Student: 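Quick one: structure below, then a few questions.
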Amino acid sequence: MARTEFLMWILVITLCQLQDAQTQTISSIGVNWGAQASQPMEPSVVVKMLKENGIKKVKLFDADSWTVSAFKGTDIELMVGIPNDQLKKLSKSKDDAEDWVKDNVTKHLKNGDVNIRYVSVGNEAFLKSYNGSYIHITFPAMQRIQSAIEKAGHGDQIKVTTALNADVYESSSEKPSDGDFRKDIYTVMKQIVQFLDEKNSPFVVNIYPFLSLYQSPDFPKEFAFFDSTNSQIDDDGAHYSNMFDANLDTLVASLKKIGHPNVSIVIGEIGWPTDGDINANIQNAKKFYRGFFKKMATKKGSPRHPKAVTVYLFGLFDENLKSVAPGNFERHWGIFRYDGKAKFQVDFSGKGEDKYPISAKGVRYQENKWCVLKKDVKNITSLGGAMSYACAGGDCTSLGYGCTCNGILDGAGNASYAFNQYFQINEQSVEACDFDGVADIVSKDPSKGNCLFPVAIYSSGNMLKVMHKVGGFFIIFSSIFTLFM
């Protein structure tokens, strides 16, 4: 009897240790879950994966009911979003704002026990590339939603904010202490910051060291990571060895100058892509996250913001329908692949252990079949039109210079990759593997090395069966095609 009790006790301890191993995650870390994918993951599968990885904060870019409902009873904190195309309507109509809150917030609080904590009204609405389209409607929309939330009785629980790109502030020099908000949006930023301060809501900012490296060939590469101890910027006694701290303190200075130094700060997006650019790869992503998590585990902030900050990693999955206007890397920000498989070793606890996060379980794949170029096709140079067509409706961002499939595939392989992408994004339809008779459906996986030929997954959501047109992609792919032929 005593032996049986002892064995039972050992079993209980072992199970507890296993559970702790699965859920040991830095408490201030959350993730962004985007859904711009041809076959989005089933929410129930994703939520289970989040729980197994100990992720307790999630940021969404909309408030899709199917997705939000999947968090029922989990106690995972949610930040739901309102897309920019809804800002105009909500900024003008009290009734529309109240309807939005009723349909997207109150319903889940009453019937679903969903832990909604924030509503982000708009996403990076003040980007310079938007040419001022949302400058005069974002803050009014925030006010309408805030009033609707308070009227519904949720004001103490749910805070209204807006996720902003780090380009809303700048420094007149390289010193963070010279930070201030952009002149063209200064007035509205003052209104928003005052609103956040009054409502005890956080200032949500997206900071991307990768983009600084991508946009400037002169940017010191090590400054994008966290391994160096060499100071790149000295600012009145504050020393900066990484871009993240410098950018964060530029915001701190901007908030102080605008008269609201005590507004809390949340990092809405931060991460590193794994494909689509010569610096976007698994090795750099591992290096970035290892250093970042190690920093987060210390619970120390930046020189002028010593407190720890909440951060939302970007992102959870690769999204093959994202616009590539900023760069081909946009479709490759995921820590996990399109199908929920972990791409690389990353330790969410910050201890730096080389272990893979827990991949999604229960993912349903479509048939193991691929669309490839017929073997008897010899004139590869004649396939430019077919490949451009396939890439305009699929995703060929891994074929570019310095990318995953670059140098691994020959001309025929590039054509097969393009054809298969189109085939999979169109649910493996027979009609999607023709290309004027030069393509065949095969059952042997044509993947080569690190160049993955994906198989589509089944999704219970609405399948996106539209041709995804990317502005300017024909020009981009034309240069890629010339390189590989």
Side-chain angles (χ1 to χ4, degrees), residues 36-41 275-276 317-322 324 328 331-332 334 337-341 363-400 403-459 461-470 473-474 476-478 480-485:
Q36 295 187 57
S38 53
Q39 290 94 19
M41 294 277 288
D275 208 352
F317 306 117
D318 285 351
E319 300 174 68
N320 64 350
L321 294 185
K322 287 198 72 178
V324 295
N328 288 344
R331 296 178 178 175
H332 304 279
R337 296 186 340 184
Y338 73 99
D339 56 357
K341 287 186 178 180
V363 177
R364 300 178 301 141
Y365 291 86
Q366 297 187 35
E367 292 183 62
N368 277 337
K369 56 185 183 181
W370 297 262
C371 178
V372 300
L373 180 70
K374 287 183 176 179
K375 291 183 178 181
D376 59 359
V377 177
K378 303 300 181 184
N379 187 8
I380 305 299
T381 58
S382 68
L383 299 174
M387 291 179 68
S388 292
Y389 180 83
C391 290
D395 176 24
C396 296
T397 52
S398 294
L399 292 177
C403 300
T404 304
C405 297
N406 176 236
I408 294 178
L409 303 176
D410 56 15
N414 289 325
S416 292
Y417 185 89
F419 294 167
N420 185 63
Q421 288 287 350
Y422 183 83
F423 176 64
Q424 302 295 342
I425 210 171
N426 284 282
E427 308 295 326
Q428 297 187 345
S429 166
V430 174
E431 292 79 9
C433 184
D434 180 50
F435 300 101
D436 295 326
V438 299
D440 262 341
I441 297 175
V442 299
S443 57
K444 182 180 179 181
D445 187 353
S447 299
K448 187 176 181 181
N450 293 325
C451 183
L452 173 69
F453 280 61
V455 172
I457 62 174
Y458 285 110
S459 171
N462 295 324
M463 297 299 185
L464 302 177
K465 297 178 182 285
V466 295
M467 287 291 293
H468 183 60
K469 302 296 184 182
V470 179
F473 192 83
F474 284 102
I476 296 171
F477 190 77
S478 175
I480 295 174
F481 182 76
T482 302
L483 263 173
F484 289 105
M485 292 300 104

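Just so you know, these numbers come straight off a predicted model, no measurement behind them.
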Student: Without swapping roles, check the side chain of Arg331 against the backbone of Glu319 for a donor-acceptor pair under 3.5 Å.
Tutor: no
Student: Restricting to side-chain contact (heavy atoms from CB on, under 4.5 Å), what partner residues turn up for Asn379, sequence neighbours left out?
Tutor: Thr381, Ser382
Student: Under a 3.5 Å distance rule, please check whether Asn420 uses its side chain to pair with a backbone N or O of Ser416 as donor and acceptor.
Tutor: no
Student: Testing Ser38, Pro454, Cys391 for side chain to side chain contact (heavy atoms under 4.5 Å, CB included) with Gln421, which one passes?
Tutor: Pro454
Student: For residues 363-386, which residue pairs pass the ring pair (Phe, Tyr, Trp, His ring centres under 6.0 Å) check, not counting sequence neighbours?
Tutor: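 Residue pairs with at least one partner in residues 363-386: there are none.
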Student: Among all residues two or more places apart in sequence or in another chain, which pass the side-chain contact (heavy atoms from CB on, under 4.5 Å) test with Gln428?
Tutor: Gln366, Glu367, Lys369, Phe423, Gln424, Val455
Student: Are any of the side-chain heavy atoms of Leu399 and Asn406 separated by less than 4.5 Å?
Tutor: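 No, side chains not in contact.
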Student: Run the side chain to side chain contact (heavy atoms under 4.5 Å, CB included) check on Met387 and Asn414 step by step: do they pass?
Tutor: CA-CA 8 Å; Met387 291 179 68; Asn414 289 325; 3.9 Å; yes
Student: Can you give me the closest heavy-atom contact between Cys403 and Asp275, atom names plus distance?
Tutor: CB-OD1, 3.2 Å
Student: Whether the side chain of Lys374 engages the backbone of Gly437 through a donor-acceptor N/O pair (distance < 3.5 Å, no angle test) should be reported.
Tutor: yes
Student: Restricting to disulfide bond (SG atoms under 2.5 Å apart), what partner residues turn up for Cys371, sequence neighbours left out?
Tutor: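 For Cys371, the residues satisfying disulfide bond (SG atoms under 2.5 Å apart) (neighbours in sequence not counted) are Cys433.
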Student: How would you list, by chain and number, every residue that makes a side-chain contact (heavy atoms from CB on, under 4.5 Å) with Asp318, sequence neighbours excluded?
Tutor: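 side-chain contact (heavy atoms from CB on, under 4.5 Å) list for Asp318, sorted by chain: His332, Lys343.
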Student: Dump the intermediate steps for side chain to side chain contact (heavy atoms under 4.5 Å, CB included) on Ile380 and Leu373, then the final yes or no.
Tutor: CA-CA 10 Å; Ile380 305 299; Leu373 180 70; 3.8 Å; yes
Student: If the plane angle is over 60° it's perpendicular, under 30° parallel, otherwise tilted; pick one for Phe435 and Tyr389.
Tutor: perpendicular
Student: Looking at every non-hydrogen atom in both residues, tell me the closest pair between Cys451 and Leu409 and how far apart they are.
Tutor: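 Cys451 and Leu409 have their closest heavy atoms at SG-CD1, 3.6 Å.
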Student: Given side chains that start at C-beta, do those of Tyr458 and Val363 come closer than 4.5 Å, heavy atoms only?
Tutor: no
Student: Which residues satisfy the salt bridge (Lys or Arg N to Asp or Glu O under 4.0 Å) test with Asp339, sequence neighbours excluded?
Tutor: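 Result, salt bridge (Lys or Arg N to Asp or Glu O under 4.0 Å) vs Asp339: Arg337.
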Student: If you look at every heavy atom in Ala390 and Ala418, which pair is closest and at what distance?
Tutor: CB-O, 3.5 Å
Student: Can you tell me how far the CZ atom of Phe419 sits from the CG atom of Asp434, to the nearest 0.5 Å?
Tutor: 9.5 Å
Student: Heavy-atom distance under 4.5 Å between the side chains of Ser443 and Asn368, does that happen here?
Tutor: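 Of all side-chain heavy-atom pairs linking Asn368 with Ser443, none is under 4.5 Å.
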Student: Are any non-hydrogen side-chain atoms of Asn320 and Thr397 less than 4.5 angstrom apart?
Tutor: no
Student: Can you name the ring pair (Phe, Tyr, Trp, His ring centres under 6.0 Å) partners of Phe453, sequence neighbours left out?
Tutor: Tyr417
Student: Taking the side chain as every heavy atom from C-beta outward, state whether Ile425 and Leu321 have any pair of such atoms under 4.5 Å apart.
Tutor: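 Touching, per the 4.5 Å side-chain cut-off.
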Student: Decide yes or no on side-chain hydrogen bond (donor to acceptor under 3.5 Å, both in side chains) for Ser429 and Glu431, but give the supporting numbers first.
Tutor: CA-CA 5 Å; Ser429 166; Glu431 292 79 9; 2.6 Å; yes
Student: Side chain of Ser398, backbone of Cys405: donor and acceptor closer than 3.5 Å?
Tutor: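 No, the answer is negative, given that no donor and acceptor are paired below the 3.5 Å cut-off.
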Student: Holding to side-chain hydrogen bond (donor to acceptor under 3.5 Å, both in side chains), I want the full list of residues that pass it with Asp445, two or more places apart in sequence or in another chain.
Tutor: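 Scan of Asp445 (side-chain hydrogen bond (donor to acceptor under 3.5 Å, both in side chains), adjacent residues dropped) gives Ser447.
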Student: State whether the side chain of Ser459 and the backbone N or O of Met41 hold a donor-acceptor pair below 3.5 Å, judged by distance alone.
Tutor: no
